[in-house]
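Below you'll find the structure, written out as structure tokens, and then a few comments.
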Amino acid sequence: MTIDAAPKPATRASSLPAQPRAFSGIQPSGVTHLGNDLGAIRNYVALQNRGAAEGFETIYCIVDYHALTSVHDPDRLRRQTLEMAASLIALGLDPDKCMLFVQSHRPEVTELCWLLNTVTPVGWLQRTPTYKEKRQTQPEDVNHGLLTYPVLQAADIVIYKASLVPIGKDQAPHLELSREIVRAFNARYGETFPEPHAVYTEAPVVLGTDGVRKMSKSVGNTIDILAEPDVIRKQIMSMVTDTQRILRSDPGRPEVCNVCQMHRHFGDDYEEIWDGERTARTGCVDTKKLLAQRIIDHYAPAREAYRELIADPVRLHRILDEGAERIRPIAEATMAEVRERMGLR
RNA sequence: AGGCGCCUAGCUCAAUUUGGCAGAGCACUGGUCUCCAAAACCAGGGGUUGUGGGUUCGAGUCCCGCGGCGCCUGCCA
């Protein structure tokens, strides 16, 4: 992973942390699928471990406030939040190495969101790609939360004085907006927040089993890595392959075959597998069975860990509560500083 | 707050001027078929018609209340 620019050393403003902190939020979309892991979670784990080794803090937040802009069923939100927490831990986030908590357990962030709202021009928000997209996908429910979504995102990052934000390229506009909001605030009230920097992670766009759209729970084209092996086999066998390879003897085109593309992430021998497809030495069924088995094996420990975690909600709640408590002093210190700077106290 | 319009399958919409067995396309599931998938063909599941009352032998359809969405005119901190 690469950092887009070296964070400024925090020498000028004494309120900035000595070491950069990393922050990332993830929506409580329920049990994670392959796209979640390859696209984000793997990088969270890597950054967490790097932080533990190099001495900077990593903060991961399940953003249930943000989810409320689209999810309106309380039971579903609660369930998906727990499922996401269990998934993250099962896939390698370690509450001893990182701070893991639920966004709404630190409600101070909503106060900061309001305060940042007052330095944010509406035009910036209306131009946000995801806002425009949501107006299309849920036209019956264009609530104000959708518009102010990036402001809450900015508040999330800066309330913990985080300066490193691991994101995929698709999130670049949101982070750029966060940077502008921070600049606007610092310009008006004095240097208070570190400007967040993108940590561009190598995040492949993982296509779903239909081979066309991005893997997504709402589309229903996921590979559920934490599900039972039979479910995974069935999902992979149903994947769309190279639509021009009709007969077993036809040569395949690994570049356009989503099954072949996924092999890149599960073994060093994908070139060899691709060669088998090109020369029709192997068939799609062979390649699918191999992929299924590799995914099943690779996620076997995570699957077992998930099963244990989700069966013990008391323990999960305790982990999340502890995370929220550990991060509390940072949030409270920031808010005290911000209120003072803005003239509220 | 008032006025007008809308709400039917996961989605887009039907359902005769005047109440009479809730349907189609897409999507989904299964089958046939070429290694699988796709495509094609065949079959199937899927609905408390937003919600609660009322009129009627019978209500998606008519009447009243409530909720949601959109547009318009206002009011208020």
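This structure is a prediction, so every number in the text was calculated from the model and none was measured. We name chains A, B, ... by the order of the sequence lines, and we start the count at 1 in each one.
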Short N-O contact, [X] and [Y], less than 4.0 angstrom:
X: A/Arg245; Y: A/Glu277; value: yes
X: A/Arg326; Y: A/Glu322; value: no
X: A/Asp275; Y: A/Arg281; value: yes
X: A/Glu337; Y: A/Lys161; value: yes

Taking atom [atom1] in both [N] and [M], compute the distance separating them and give it to the nearest angstrom.
N: B/C6; M: B/A43; atom1: C1'; answer: 36 Å
N: B/C75; M: B/C69; atom1: C1'; answer: 22 Å
N: B/G3; M: B/G20; atom1: C1'; answer: 35 Å
N: B/U17; M: B/G60; atom1: P; answer: 16 Å
N: B/C11; M: B/G47; atom1: C1'; answer: 15 Å
N: B/G19; M: B/U56; atom1: P; answer: 15 Å
N: B/C62; M: B/A14; atom1: P; answer: 15 Å
N: B/U61; M: B/A15; atom1: P; answer: 14 Å

Tell me: [atom1] of [X] to [atom2] of [N], nearest whole Å?
X: A/Arg245; N: B/C36; atom1: CZ; atom2: C1'; answer: 10 Å
X: A/Asn258; N: B/C36; atom1: CG; atom2: P; answer: 19 Å
X: A/Glu140; N: B/G68; atom1: CD; atom2: P; answer: 13 Å
X: A/Ile246; N: B/A37; atom1: CD1; atom2: P; answer: 12 Å
X: A/Arg248; N: B/A37; atom1: CZ; atom2: P; answer: 15 Å
X: A/Asp242; N: B/A39; atom1: CG; atom2: P; answer: 14 Å
X: A/Asp286; N: B/C35; atom1: CG; atom2: C1'; answer: 8 Å
X: A/Leu247; N: B/A38; atom1: CG; atom2: P; answer: 16 Å

If pairing requires Watson-Crick or G-U wobble contacts with both distances under 3.5 Å, which nucleotide is the partner of [N]?
N: B/C71; value: B/G3
N: B/G58; value: none
N: B/A15; value: none
N: B/A22; value: none
N: B/G50; value: B/C66
N: B/C76; value: none
N: B/A43; value: B/U29

Within the 4.5 Å heavy-atom criterion, are A/Glu111 and A/Arg339 side-chain neighbours or not?
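Counting from C-beta outward, A/Glu111 and A/Arg339 do come under 4.5 Å.
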Donor-acceptor pair under 3.5 Å, A/Thr241 side chain vs B/A37 base
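For A/Thr241, whose side chain was compared with the base of B/A37, there is a donor-acceptor pair (under 3.5 Å).
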Compute the ring centroids of A/Phe193 and A/Phe185, then answer whether they are less than 6.0 Å apart.
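Aromatic pair counts; centres sit under 6.0 Å.
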In residues 204-225 of chain A, which residues come under 4.0 Å of RNA chain B by heavy atom?
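Under 4.0 Å from RNA chain B: no residue of residues 204-225 of chain A.
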Contact nearer the 5' end of RNA chain B, comparing A/Lys234 with A/Gly283
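Its nearest nucleotide being more 5', the pick is A/Lys234.
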What distance separates A/Tyr65 OH from A/Arg106 CZ, expressed to the nearest 0.5 Å?
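Between atom OH of A/Tyr65 and atom CZ of A/Arg106 there are 9.5 Å.
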Cation-pi check for A/Phe266 against A/Arg42: NZ or CZ below 6.0 Å from the six-membered ring centre and within 45 degrees of the axis, yes or no?
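Satisfied, under 6.0 Å and within 45°.
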Under a 3.5 Å threshold, yes or no: a donor from one side chain and an acceptor from the other, between A/Asn117 and A/Thr148?
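Present: a donor and an acceptor within the cut-off.
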